[in-house]
Amino acid sequence: MFQQIQKTTARGKEMLSNPKLVPVQGTLNVVMNQNVTLSCHSDSGSPPVRYTLFKRNQKVSTLNRPDLTPVLFNLTITSASDMGDYKCKAENNISSGGKYSKSLNFTLLEPISKPVLSSPTSQAKKGQNVTLSCLSENGSLPITYIFFKGRQTISHPVKMQKSEAAVISLFINSSSDFGTYKCRAENSFHNNTKYSNSFNFTLAEERNHSQPLIISLGLILLLLVIGFALAIPFFIIPSYKAKKIKSTRSSTGLTSTMKAEESENYVIYTEIEPIKPEEEYVNFSVIRREDEKAEERACATVYSKVHTRD
């Protein structure tokens with residue numbers, strides 16, 4: 001009874017009810033650059049009524065009605081800031097402060113981009129588990145994905161509420177599992193369904209266990225050949241030359257029958273003393289004997305520092 005008295009004044013005027021703000025198109029899903037219409041009206045109250053539309057507490061437009069028929073506010077969605085939130089205020093001559101509607105927010109629908117189908121591995125073998133990922137980088141959420149092999153569906157619809165890839169697992173059981181795979185993505189955008197690229201698994205080659213052994217033996221043999229080739233100029237040839245020089249220097253008892261140029265004496269034998277390998281001179285002694293008819297006596301002459309190398 002008290003509320004009824006509040007709604008009716010002495011003149012028979014009735015206060016307005018809270019207005020209702022609704023989209024005329026029946027949905028809050030919109031696309032960029034779309035024109036939308038919002039309807040606002042109070043179900044009860046004494047006219048005339050003044051309606052004001054607000055977006056984030058900022059006045060957008062004001063319309064008057066002589067009766068309780070709805071008013072229509074026309075908008076154009078040009079940016080993300082046009083998504084909301086919207087409110088409608090209704091006032092008449094007896095309302096104090098007016099009455100407000102509930103908030104209304106639009107959802108921007110963005111066309112999805114072509115999804116990309118991928119896998120961590122492109123090679124597989126029989127008996128192996130693999131995974132496939134499908135992702136559309138652009139598009140309003142949620143996005144629903146479906147996987148195919150050829151034209152056959154191989155998964156239930158996977159609805160993603162976040163910008164993340166849909167992933168399925170597969171078991172490679174036979175050669176037919178190496179077929180062509182695709183995925184399909186769609187969202188609430190009208191007539192917006194797109195297919196991914198094709199993806200094929202290739203059969204991984206079975207490795208022969210003897211191949212690593214053969215390769216290892218070949219490398220060892222190659223290293224041995226290289227080592228031998230490097231040893232020839234640094235070790236084998238110098239060693240051979242050293243032995244040859246030592247053999248020549250250690251020889252004694254060299255006999256000659258060649259007569260001396262300035263006398264009738266002749267060389268019976270020579271003795272060569274061994275020297276160090278780094279020296280280029282050798283000491284040797286010549287034992288000479290006088291003519292046999294003369295008194296037999298020996299004369300030894302020592303020559304030193306005779307050059308022995310060309």
Side-chain angles (χ1 to χ4, degrees), residues 1-114 135-144 159-164 185-194:
M1 184 67 181
F2 179 75
Q3 292 178 349
Q4 186 67 29
I5 293 173
Q6 273 191 322
K7 290 182 179 179
T8 305
T9 65
R11 297 180 181 180
K13 296 289 186 177
E14 185 180 358
M15 297 181 65
L16 294 170
S17 61
N18 289 87
K20 296 179 180 178
L21 183 65
V22 294
V24 173
Q25 62 271 19
T27 177
L28 292 175
N29 295 328
V30 296
V31 297
M32 195 64 69
N33 298 321
Q34 179 180 343
N35 295 322
V36 296
T37 302
L38 298 179
S39 171
C40 182
H41 76 284
S42 293
D43 291 332
S44 62
S46 298
V49 184
R50 182 171 64 254
Y51 296 98
T52 305
L53 181 67
F54 293 87
K55 182 180 72 175
R56 296 189 179 89
N57 298 322
Q58 292 184 355
K59 184 166 65 174
V60 176
S61 179
T62 299
L63 296 173
N64 296 315
R65 277 290 179 266
D67 50 29
L68 296 180
T69 57
V71 293
L72 301 177
F73 296 100
N74 295 315
L75 304 171
T76 301
I77 305 300
T78 59
S79 65
S81 62
D82 294 330
M83 295 300 101
D85 63 342
Y86 292 92
K87 286 184 179 181
C88 178
K89 178 182 179 182
E91 300 173 280
N92 63 5
N93 294 332
I94 63 170
S95 60
S96 58
K99 298 292 182 71
Y100 287 88
S101 69
K102 293 182 179 179
S103 296
L104 182 149
N105 289 275
F106 289 105
T107 299
L108 179 64
L109 292 182
E110 182 184 1
I112 56 175
S113 58
K114 181 179 179 179
L135 174 64
S136 290
E137 293 187 354
N138 299 316
S140 54
L141 300 171
I143 300 177
T144 302
K159 181 177 287 188
M160 302 299 297
Q161 301 291 343
K162 298 181 180 180
S163 298
E164 297 176 351
E186 57 187 4
N187 63 0
S188 300
F189 195 89
H190 184 62
N191 295 329
N192 186 39
T193 299
K194 293 185 179 179

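Because the structure is a prediction, the values reported are computed rather than measured.
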Point-to-point distance, once rounded to the nearest 0.5 Å, from [atom1] of [X] to [atom2] of [Y]:
X	Y	atom1	atom2	result
Leu68	Leu16	CG	CG	7.5 Å
Ser61	Leu72	OG	CG	11.0 Å
Thr27	Leu109	OG1	CG	7.0 Å
Gln34	Leu108	CD	CG	9.5 Å
Ile143	Lys162	CD1	NZ	14.0 Å
Glu186	Asn191	CD	CG	10.5 Å

Is there a side-chain contact between [X] and [Y] (heavy atoms, below 4.5 Å)?
X	Y	answer
Leu21	Lys87	no
Phe73	Val60	no
Arg50	Asn64	yes
Lys89	Tyr51	no
Pro48	Asp67	no
Asn18	Lys102	no

Worksheet item: With the threshold set at 4.0 Å, does a side-chain nitrogen-carboxylate oxygen contact exist between Asp85 and Arg56?
Response: no
State whether the side chain of [X] and the backbone N or O of [Y] hold a donor-acceptor pair below 3.5 Å, judged by distance alone.
X	Y	answer
Ser42	Ser44	no
Thr62	Thr52	no
Gln58	Lys55	no
Thr107	Leu28	no
Lys99	Ala90	no
Ser101	Lys20	no

Item to complete: Carefully, step by step, assess Leu38 and Leu75 under the rule side-chain contact (heavy atoms from CB on, under 4.5 Å).
Response: CA-CA 8 Å; Leu38 298 179; Leu75 304 171; 3.7 Å; yes
Using distance alone, with no hydrogens and no angle criterion, decide if [X] and [Y] have a side-chain donor and acceptor under 3.5 Å apart.
X	Y	answer
Thr78	Thr76	no
Asn74	Thr37	yes
Ser140	Glu110	no
Asn187	Asn192	yes

Worksheet item: Using the ring of each side chain (for Trp, its six-membered ring), is Phe54 parallel, tilted or perpendicular to Tyr100, with breaks at 30° and 60°?
Response: tilted
Fill in: Stepwise side-chain contact (heavy atoms from CB on, under 4.5 Å) check, Leu141 with Ser163
CA-CA 8 Å; Leu141 300 171; Ser163 298; 4.0 Å; yes
Worksheet item: Please walk me through it: do Val31 and Phe189 pass side-chain contact (heavy atoms from CB on, under 4.5 Å)?
Response: CA-CA 8 Å; Val31 297; Phe189 195 89; 3.0 Å; yes
Worksheet item: Shortest non-hydrogen contact from Glu14 to Asn92?
Response: O-ND2, 3.2 Å
Worksheet item: Within a reach of under 6.0 Å around CG of Asn57, are more than 12 heavy atoms found that belong to other residues, nucleotides or ligands?
Response: no
Worksheet item: Counting only heavy atoms not in Glu137, do more than 12 sit closer than 6.0 Å to its CD atom?
Response: no
Item to complete: Show the numbers, then the answer: is there a side-chain contact (heavy atoms from CB on, under 4.5 Å) between Asp82 and Phe106?
Response: CA-CA 8 Å; Asp82 294 330; Phe106 289 105; over 6 Å; no
